[in-house]
Amino acid sequence: MDDFIYLIIAQTGTRPARFFKFITKKPYNHVSLSRDINLSEMYSFCRTYRPFPIPATFNKEIVGKGTLGQFNSIPCEIYQIPVTHRQKRTYEHIIHHFSKNRKVYSYNILGLLAVYLNIEWNRKKNFLCSQFVAYTMLKMGIPLKKPFCLYTPDDFRNFPGAALVYQGELNNFYYNMHANLIEQRY
């Protein structure tokens, strides 16, 4: 293994997020992927416009902007997963595909109930955030313990081979990381 991808598992604080937290009793309700520890590019299935939960599709997430910019405190855990160079290239192809075709995909609202009831229901153009992450892992050749359509954000907290590299507040991590990068340049 020569490279890494990163899982960002977070609790955003939106009304739907607070509702899901109440129902599931889990600390986090959202998961994103990043190609680097700087979190310069995070991707997931989430709302497209900050004030409204719908429409939602594949989106690039930026700390401090959009939904992530709406909250001063976003509890999170960041996990590092070792990947080969080939798996990293596959990751890049998958992200490119979803970015190029994002209007074809949508948020899997009906899938929320299926996952909650543990019913395997694979909808080809609809994903939850956790289904997208699990699907990406599967396509990269990373084995899954169950069908990708049954994954929840909490499942990634115990993902085989994943190492916890940070637990705390997302904004602090992001801004400290970028401050350190700027400091290293000078």
Side-chain angles (χ1 to χ4, degrees), residues 1-12 26-46 57-64 66 68 74-102 104-105 107-108 111 115 120 122-178 180-181 184-185:
M1 299 293 166
D2 302 303
D3 215 336
F4 302 98
I5 59 169
Y6 296 86
L7 295 170
I8 302 89
I9 305 167
Q11 173 65 27
T12 60
K26 303 295 182 187
Y28 306 104
N29 60 37
H30 184 65
V31 60
S32 306
L33 283 170
S34 180
R35 70 179 314 277
D36 59 51
I37 190 63
N38 303 327
L39 309 183
S40 57
E41 293 187 3
M42 293 170 40
Y43 296 97
S44 192
F45 268 70
C46 54
T57 186
F58 175 80
N59 284 299
K60 180 178 180 180
E61 298 177 298
I62 301 170
V63 177
L68 296 180
I74 302 173
C76 77
E77 291 179 358
I78 300 172
Y79 292 86
Q80 177 178 278
I81 296 179
V83 295
T84 64
H85 288 306
R86 175 180 241 172
Q87 288 172 319
K88 187 74 167 249
R89 280 194 312 275
T90 301
Y91 168 84
E92 300 293 345
H93 289 296
I94 292 167
I95 296 302
H96 178 74
H97 167 80
F98 276 95
S99 295
K100 185 177 168 188
N101 299 290
R102 67 183 294 275
V104 173
Y105 295 99
Y107 193 78
N108 192 5
V115 171
E120 187 176 338
N122 179 7
R123 299 180 70 205
K124 293 183 191 286
K125 302 291 182 191
N126 303 83
F127 292 87
L128 300 172
C129 61
S130 53
Q131 291 171 334
F132 163 71
V133 171
Y135 173 85
T136 301
M137 300 285 203
L138 182 65
K139 292 298 181 187
M140 290 172 60
I142 297 172
L144 301 178
K145 290 190 171 191
K146 59 184 175 181
F148 77 85
C149 61
L150 292 177
Y151 270 78
T152 67
D154 200 63
D155 290 327
F156 294 103
R157 297 179 72 206
N158 298 304
F159 197 79
L164 179 66
V165 294
Y166 178 79
Q167 181 177 26
E169 204 283 314
L170 181 62
N171 293 301
N172 288 341
F173 175 84
Y174 180 80
Y175 293 118
N176 287 338
M177 180 64 69
H178 285 269
N180 289 339
L181 287 173
Q184 288 174 4
R185 288 183 190 158

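If you run side chain to side chain contact (heavy atoms under 4.5 Å, CB included) between Tyr43 and each of Ser32, Ser99, Ser34, only Ser99 comes through.
Side-chain rings of Tyr105 and Phe58 stay apart, their centers remaining 6.0 Å or farther from each other. Checked against the 6.0 Å centroid criterion, the rings of Tyr135 and Phe127 qualify as a close aromatic pair.
No donor-acceptor contact under 3.5 angstrom links the side chains of Tyr28 and Gln11, judged on distance only.
Here the side chains of Phe156 and Val133 are in contact, with some heavy-atom distance below 4.5 Å. Contact of the Ile95 side chain with the Arg35 side chain is not registered, since no non-hydrogen atoms from C-beta on lie closer than 4.5 Å.
Residue pairs meeting the side-chain hydrogen bond (donor to acceptor under 3.5 Å, both in side chains) criterion with at least one member in residues 156-165, sequence neighbours excluded, are Glu77-Arg157, Asp154-Arg157. Applying the salt bridge (Lys or Arg N to Asp or Glu O under 4.0 Å) rule to pairs touching residues 143-153 yields Lys146-Asp155, sequence neighbours excluded.
Minimum heavy-atom separation, Leu33 to Ile8: C-CD1, 4.2 Å. Across all their heavy atoms, Ile81 and Phe159 have their closest contact at CD1-CD2, 3.9 Å. Pairing each heavy atom of Val31 with each of Ser44, the nearest pair is O-OG, 2.7 Å. When all heavy atoms are compared, the tightest approach of Pro82 to Gly161 is CD-O, 3.3 Å. Looking at every heavy atom in both residues, Tyr151 comes nearest to Val115 through O-CG1, 4.2 Å. The two residues Phe173 and Ile37 make their nearest non-hydrogen contact at CE2-O, 3.5 Å.
Summarising the geometry, atom CZ belonging to Phe4 is positioned 4.0 Å from atom CD belonging to Gln80; distances are rounded to the nearest 0.5 Å. Rounding to the nearest 0.5 Å gives a distance of 9.5 Å between CD1 of Ile9 and SG of Cys129. Rounded to the nearest 0.5 angstrom, Asn29 CG and Thr12 OG1 are separated by 5.0 Å. Taken to the nearest 0.5 Å, the NZ atom of Lys125 stands 7.5 Å off from the CG atom of Asn101. To the nearest 0.5 Å, the span separating OG1 on Thr136 from NE2 on His97 amounts to 10.0 Å. Considering CZ of Phe148 and CD of Glu120, their distance stands at 8.5 Å, rounded to 0.5 Å.
Using modelled atom types, no side-chain atom of Asn38 and backbone atom of Ser40 make a donor-acceptor pair closer than 3.5 Å.
For Lys139, the side chain to side chain donor-acceptor pair (under 3.5 Å) criterion is met by no residue, not counting sequence neighbours.
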Practice problem: Assess whether side-chain contact (heavy atoms from CB on, under 4.5 Å) is satisfied between Lys26 and Thr152, documenting all intermediate values. | Solution: CA-CA 10 Å; Lys26 303 295 182 187; Thr152 67; over 6 Å; no
Exercise. Take Leu170 and Leu39 through the test side-chain contact (heavy atoms from CB on, under 4.5 Å) and record every step on the way to the result.
Key: CA-CA 10 Å; Leu170 181 62; Leu39 309 183; 3.8 Å; yes
Quiz prompt | From CA spacing to verdict: side-chain contact (heavy atoms from CB on, under 4.5 Å), Asp36, Glu41 | solution = CA-CA 8 Å; Asp36 59 51; Glu41 293 187 3; 5.7 Å; no
Practice problem: Go through the steps to decide whether Ile5 and Gln87 satisfy the test side-chain contact (heavy atoms from CB on, under 4.5 Å), and finish with yes or no. | Solution: CA-CA 10 Å; Ile5 59 169; Gln87 288 172 319; over 6 Å; no
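Within a 6.0 Å sphere centred on NZ of Lys88, other residues, nucleotides and ligands contribute more than 12 heavy atoms.
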